[in-house]
2 protein chains.
Amino acid sequence: MPRPLPSLNALHAFEAVARLGSVSQAANELHVTHGAVSRHIRALEEELGTPLFQRQGRGLALTPAGQRLRDASGAAFGQLREACDLLRVEQAHAPFVLGCPVSLLARWMIPRLERLMADLPDLDLHLRPQEAPFDEALGGLDAAVLAGEAPWPGGWRVQPLANERVGPVVSPSLAKELHLVRSRPQAVTRQALLHTVSRPQAWTRWAQSTGIAPAKLQLGQGYPHLYHLIEAAVAGRGMAIAPEPLVADDLASGRLVAPWGFQDTAAQWVLATPARATAERSNALATWLKNAFARSVAPTP
Amino acid sequence: MPRPLPSLNALHAFEAVARLGSVSQAANELHVTHGAVSRHIRALEEELGTPLFQRQGRGLALTPAGQRLRDASGAAFGQLREACDLLRVEQAHAPFVLGCPVSLLARWMIPRLERLMADLPDLDLHLRPQEAPFDEALGGLDAAVLAGEAPWPGGWRVQPLANERVGPVVSPSLAKELHLVRSRPQAVTRQALLHTVSRPQAWTRWAQSTGIAPAKLQLGQGYPHLYHLIEAAVAGRGMAIAPEPLVADDLASGRLVAPWGFQDTAAQWVLATPARATAERSNALATWLKNAFARSVAPTP
DNA sequence: TGGTATATGTGAGTTTTCCTGACAGGTGAT
DNA sequence: ATCACCTGTCAGGAAAACTCACATATACCA
């Protein structure tokens with residue numbers, strides 16, 4: 001059982017005074033007044049029961065005991081300084097690993113990546129595809145983008161980026177063929193709906209909030225992943241339901257149309273960061289992402 | 001210019017938690033509540049911008065960053081602990097070096113030394129003969145006995161031991177020859193007075209406070225040191241003036257007599273210790289010396 | 001499955017520490 | 001002597017740390 005150390009702040013003050021040979025300079029380095037340092041030294045001498053400096057008018061000289069303590073404390077605080085600096089520096093220079101769902105990655109993030117890296121050059125962004133059961137696998141990440149709803153699990157700082165908006169999308173040719181232009185949403189019931197096997201409830205939720213009886217929906221082909229679903233829609237294989245950002249570029253380029261726009265779900269796009277990491281870098285990223293999401297919103301037709 | 005360290009108390013808490021693998025045990029070792037330690041860890045993680053522990057419900061595990069910091073902080077705090085313990089231990093076991101004027105040493109301290117070392121066996125007392133221009137040469141001493149008057153110079157803790165009392169002494173045979181028994185102090189004017197060259201004012205001061213005109217005194221043989229002076233008196237070479245403790249044993253054994261007793265001077269016997277050293281050991285010594293001085297006072301005739 | 005024991009996290013309020021700002025004392029140079 | 005500079009000390013106020021109580025989460029056990 002280690003016996004109690006003297007006041008660490010006092011030891012720190014001593015280390016600075018011993019290294020610089022001056023109370024005033026030490027006070028300057030520690031950003032305190034010389035009075036504070038003087039008190040620390042006195043307290044330490046009393047605590048150790050031995051004088052550490054010989055006062056000689058204008059300056060100080062270490063006693064033999066003081067010299068031994070200087071050697072030890074100099075090394076000890078040097079080691080601490082070095083280790084802490086290293087952690088901080090490496091923290092600042094390490095690549096920022098961002099987890100991102102595959103579909104968002106492919107259809108939204110990658111197209112914007114060049115711009116992002118140009119706007120935030122210091123970030124050194126690394127993307128890692130990652131479907132998000134939240135607390136899983138977020139170890140080793142500096143942040144993750146995901147869609148979800150409160151309550152958020154503890155241990156994560158969650159910054160909202162945008163509401164998750166979803167809506168039916170279809171290729172322009174198919175839209176024309178099905179006479180969907182300027183039609184009413186009820187038209188969805190006239191066809192088999194493409195969906196993902198992992199989220200079959202997407203259509204029914206949309207139908208409910210649009211005022212369509214879910215029972216009237218006819219689910220058609222199921223795809224293993226949202227990414228495939230959207231590709232199928234682009235290829236004119238049917239009508240899909242998709243989060244807005246994932247089809248924003250296709251809508252803009254005319255490869256897809258969203259006959260009835262998009263509407264909010266209960267979920268939000270968020271940026272999740274470990275609660276204890278520096279907010280600085282992730283804040284910058286969150287701001288950028290928030291703006292980019294806002295720009296991906298199609299004007300409601 | 002070293003960049004600022006994180007809170008040292010937080011680092012200390014971290015070191016204990018990392019070493020013991022538990023917030024609670026660390027709190028126990030540091031004699032604080034677990035809440036305090038938990039806060040320290042959080043503060044440190046925020047300050048360094050990186051998580052140091054992975055929380056897994058009931059326990060903790062170090063992150064890679066935490067492991068590096070544990071290595072550094074463990075070594076650093078170990079070094080500090082060792083150095084401080086060493087200073088304290090060596091402080092407690094080192095010989096206690098006591099400076100003492102030669103005359104007091106020879107005529108008072110040495111005869112009592114055996115008793116002193118028996119009474120305070122832990123002190124490991126070393127005596128160093130030393131005439132006392134106070135702040136000189138008291139470096140390297142743990143304490144010094146000396147006679148002097150206020151104001152005392154700064155940097156020293158001064159513990160009073162006894163008033164300095166001085167009085168004329170003479171050998172019994174000479175006292176008889178000069179008919180000093182039951183005489184009045186004015187009788188000193190009838191003879192040449194032994195004195196020290198370093199303190200010729202001793203007689204005149206005594207005369208003044210006794211009510212004798214200093215002009216009437218006849219100074220006789222001068223001696224280089226109080227020690228010689230007293231030896232001369234013992235040898236019957238004349239009347240000397242001496243501090244009471246220095247002749248206490250000679251009075252008790254009958255080798256000297258003090259026809260008119262002793263009287264206070266403005267000075268005091270004191271024990272001076274460096275202001276910043278442990279009071280513990282010097283307090284014990286001071287108490288012992290105070291008692292011994294008190295026992296050296298001859299009952300006023 | 002719910003209960004218990006154990007551990008950590010968090011918040012309000014208080015204690016303790018630390019710091020500041022002003023002044024005193026002492027030294028060396030001009 | 002005077003000045004510039006440094007250290008020491010004190011009272012009062014700012015900041016940090018602590019405690020206590022409660023919340024939360026896990027493991028183990030009946």
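First the proteins, then the strands, lettered A, B, ... as listed; each starts at 1.
- Here the P atom of nucleotide D:dC5 and the CG atom of A:Leu60 are 18 Å apart, to the nearest Å.
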Next on the checklist: What verdict does the side chain to side chain donor-acceptor pair (under 3.5 Å) test give for A:Thr50 and B:Arg88, after you've listed the backbone C-alpha separation in whole Å, the side-chain angles of each residue and the deciding distance to 0.1 Å?
Outcome noted: CA-CA 8 Å; A:Thr50 182; B:Arg88 277 197 268 237; over 6 Å; no
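- Close to D:dT9, at under 4.0 Å from its OP1 or OP2, lies a side-chain N or O of A:Arg42.
- Atom CG of residue A:Leu104 and atom CZ of residue A:Phe293 lie 5.0 Å apart, to the nearest 0.5 angstrom.
- Residue order along DNA chain D, read from the 5' end via each residue's closest nucleotide, puts A:Arg55 first among B:Gly35 and A:Arg55.
- Note: A:Phe14 and A:His40 fail the aromatic proximity criterion, with ring centroids not under 6.0 Å apart.
- In this entry the distance linking CG of B:Leu44 with C1' of D:dA17 reads 15 Å, nearest Å.
- Think of the region where chain B sits on DNA chain C: with heavy atoms and a 4.0 Å cut, that region ends 5' and 3' at C:dT6 to C:dG11.
- Salt-bridge check for A:Glu29 with A:Arg19: passed, with a basic side-chain N closer than 4.0 Å to an acidic carboxylate O.
- When atom types are taken as modelled, the side chain of A:Asp142 and the backbone of A:Val97 share a donor-acceptor pair closer than 3.5 angstrom.
- Phosphate contact (OP1/OP2 of D:dT19, side-chain N/O of B:Thr33, threshold under 4.0 Å): present.
- With sequence neighbours excluded, no residue forms a salt bridge (charged side-chain N to carboxylate O under 4.0 Å, His left out) with B:Glu82.
- For the side chain to side chain contact (heavy atoms under 4.5 Å, CB included) with B:Val37, the qualifying choice from B:Asn28, B:Asn9, B:Val32 is B:Val32, the only one to do so.
- If B:Val23 and B:Arg39 are placed on DNA chain C by their nearest nucleotide, the residue sitting closer to the 5' end is B:Val23.
- End-to-end axis angle for the helix from C:dT1-D:dA30 to C:dT30-D:dA1, using five pairs per end and rounding to 10°, comes out at 30°.
- Spacing between atom NE2 of B:His12 and atom C1' of D:dA16 amounts to 17 Å, rounded to whole angstrom units.
- Classification of A:Glu15 and A:Arg81 as a salt-bridged pair holds, one side-chain N sitting under 4.0 Å from a carboxylate O.
- The residue among A:Asn9 and A:His34 whose nearest nucleotide of DNA chain C is located toward the 5' end is A:Asn9.
- Dashed line: the shortest gap from a side-chain N or O of A:Ser22 to OP1 or OP2 of D:dT7 is under 4.0 Å.
- Note: A:Thr273 OG1 to A:Gln159 CD = 5.5 Å, rounded to the nearest 0.5 Å.
- When the P atom of D:dA25 is taken as reference, atom CD of B:Gln54 falls 18 Å away, rounded to whole Å.
- Proximity of B:His40 to the phosphate of D:dA16: no side-chain N or O atom is located under 4.0 Å from OP1 or OP2.
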